[in-house]
Amino acid sequence: MKTKELVIMALFVGIGAALHLIIPGIGAGGMKPDFSLLMMFLAIILFPDKKNVILLGLATGIISGLTTGVPGGFFPNIIDKFISAFAFYGLFLLVKKNRSIISNAVLTAIGTIISGTIFLASAFLIIGLDGAFMLMFTTIVLPTALLNTIAIVIVYPIVAKIMERSKMTFA
């Protein structure tokens with residue numbers, strides 16, 4: 001791992017944590033759209049390496065767990081982010097040669113849905129989260145997937161241009 005990559009990934013995790021803290025909780029249990037997930041996906045797109053994915057999954061999971069509005073949501077966040085990071089990375093590797101803003105958007109939507117499903121399933125198993133799974137999925141996970149997809153379409157070209165101008169190489 002290069003120091004520049006680590007610094008940029010740390011910035012993405014920090015930005016994701018800040019967004020995670022300021023976004024208000026909605027629905028049952030104070031769940032909130034997870035923009036830290038968006039920043040994790042962006043870092044994986046820019047620096048696709050297994051070591052980076054491990055680091056990003058754990059760091060994002062721990063910080064999301066510490067800043068969650070869901071009582072007892074610490075461990076579900078760690079489980080969710082770690083598995084979602086590798087699921088996203090695997091999907092990314094499948095489309096790496098045909099990469100575009102559209103493929104990044106589709107991957108982000110799929111990754112967010114995977115993440116939300118894993119979080120809800122693990123929260124139901126670990127803490128016995130009250131409420132119907134499908135209700136939470138449709139009112140929180142799907143809108144978050146839409147928001148993250150729109151956000152990656154806006155944010156990725158900006159970050160890619162900044163990286164290009166600063167002569168930072170990325171995949």
Side-chain angles (χ1 to χ4, degrees), residues 2 4-27 31-61 63-64 67-69 77 80-120 134 136-171:
K2 296 179 183 174
K4 287 181 184 179
E5 289 178 8
L6 285 172
V7 169
I8 292 170
M9 289 187 299
L11 285 171
F12 286 158
V13 171
I15 291 167
L19 289 172
H20 196 70
L21 274 172
I22 64 172
I23 301 298
I26 57 173
M31 289 184 68
K32 54 177 99 175
D34 194 352
F35 293 112
S36 62
L37 188 65
L38 171 73
M39 300 311 288
M40 180 179 78
F41 291 161
L42 182 60
I44 292 170
I45 290 169
L46 295 173
F47 307 108
D49 180 71
K50 280 183 254 181
K51 289 184 230 170
N52 293 346
V53 173
I54 291 169
L55 185 63
L56 286 164
L58 287 174
T60 303
I63 291 174
S64 291
T67 60
T68 189
N77 265 294
D80 148 43
K81 299 303 181 293
F82 190 73
I83 295 171
S84 298
F86 274 99
F88 185 87
Y89 178 64
L91 292 170
F92 177 80
L93 291 178
L94 287 175
V95 299
K96 191 173 182 179
K97 292 182 180 173
N98 299 322
R99 212 173 62 156
S100 68
I101 191 69
I102 294 170
S103 66
N104 288 343
V106 170
L107 289 176
T108 299
I110 293 169
T112 304
I113 291 169
I114 291 169
S115 172
T117 303
I118 292 169
F119 178 81
L120 287 175
M134 284 309 293
M136 296 177 108
F137 184 82
T138 56
T139 60
I140 297 167
V141 175
L142 293 180
T144 300
L146 178 64
L147 286 171
N148 281 355
T149 302
I150 293 168
I152 201 79
V153 169
I154 295 167
V155 172
Y156 175 75
I158 295 168
V159 172
K161 194 63 154 175
I162 291 169
M163 299 277 289
E164 180 184 314
R165 286 186 178 179
S166 65
K167 295 179 176 56
M168 271 293 297
T169 56
F170 62 93

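All values below were derived from every heavy atom in this structure, side-chain atoms included, with hydrogens, water molecules and symmetry-related copies excluded. One is the number of the first residue; the rest follow in order along the sequence.
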**Asked** How about Thr112 and Asn148: does a side-chain donor come under 3.5 Å of a side-chain acceptor?
**Response** yes
**Message:** Tell me if a side-chain donor or acceptor on Ser166 pairs with a main-chain N or O of Met163 at a distance below 3.5 Å.
**Reply:** yes
**Item:** Ring geometry between Phe86 and Tyr89 (parallel below 30°, tilted from 30 to 60°, perpendicular above 60°)
**Value:** perpendicular
**Asked** With no hydrogens and no angle check, is any side-chain donor or acceptor of Thr67 less than 3.5 Å from a backbone partner on Ile63?
**Response** yes
**Request:** Considering non-hydrogen atoms only, spot the tightest contact between Thr149 and Ala145 and give its length.
**Result:** OG1-O, 2.6 Å
**Message:** Could you report the tightest heavy-atom contact between Phe137 and Thr117, atom names first, then the distance?
**Reply:** CE1-OG1, 3.3 Å
**Asked** Under the side-chain contact (heavy atoms from CB on, under 4.5 Å) criterion, do Phe88 and Val53 qualify, and how do the steps go?
**Response** CA-CA 9 Å; Phe88 185 87; Val53 173; over 6 Å; no
**Request:** Could you tell me whether a side-chain N or O of Ser64 sits under 3.5 Å from a main-chain N or O of Gly61, the two making a donor and an acceptor?
**Result:** no
**Item:** Closest heavy-atom pair and its distance - Pro48, Lys96
**Value:** CG-NZ, 4.3 Å
**Nearest heavy atoms of Ser36 and Ala17, plus distance in Å** = CB-N, 4.4 Å
**Message:** Please determine whether side-chain contact (heavy atoms from CB on, under 4.5 Å) holds for the pair Phe119 and Val141, giving the CA-CA distance in whole Å, both sets of side-chain angles, and the decisive distance to 0.1 Å.
**Reply:** CA-CA 10 Å; Phe119 178 81; Val141 175; over 6 Å; no
**Request:** Find the distance between NZ (Lys2) and CG (Asn52) and round it off to the nearest 0.5 Å.
**Result:** 10.5 Å
**Fill in**
What one should report as the nearest heavy-atom pair of Thr68 and His20 is CA-NE2, 3.9 Å
**Complete:** Interatomic distance, CG@Leu37 vs CD1@Ile114, rounded to 0.5 Å, equals 10.0 Å
**Distance in Å, Phe35 CZ paired with Leu42 CG, rounded so as to fall on 0.5 Å steps** = 13.5 Å
**Prompt:** Under 3.5 Å, side chain of Asp80 to main-chain N/O of Ile118, donor-acceptor pair present?
**Reply:** no
**Asked** Considering all heavy atoms of both residues, which atom of Leu55 and which atom of Met9 are nearest to each other, and what is their separation?
**Response** CD2-CE, 4.4 Å
**Prompt:** Out of curiosity, Lys81 NZ to Leu56 CG, how far, rounded to the nearest 0.5 Å?
**Reply:** 12.5 Å
**Request:** Kindly check if the number of other-residue, nucleotide or ligand heavy atoms within 6.0 Å of CD1 (Ile54) is above 12?
**Result:** yes
**Complete:** When rounded to the nearest 0.5 Å, the distance separating CD1 of Ile152 from CE of Met39 is 8.0 Å
**Gap between atom CD1 of Ile44 and atom CZ of Phe92 - 0.5 Å precision** = 9.5 Å
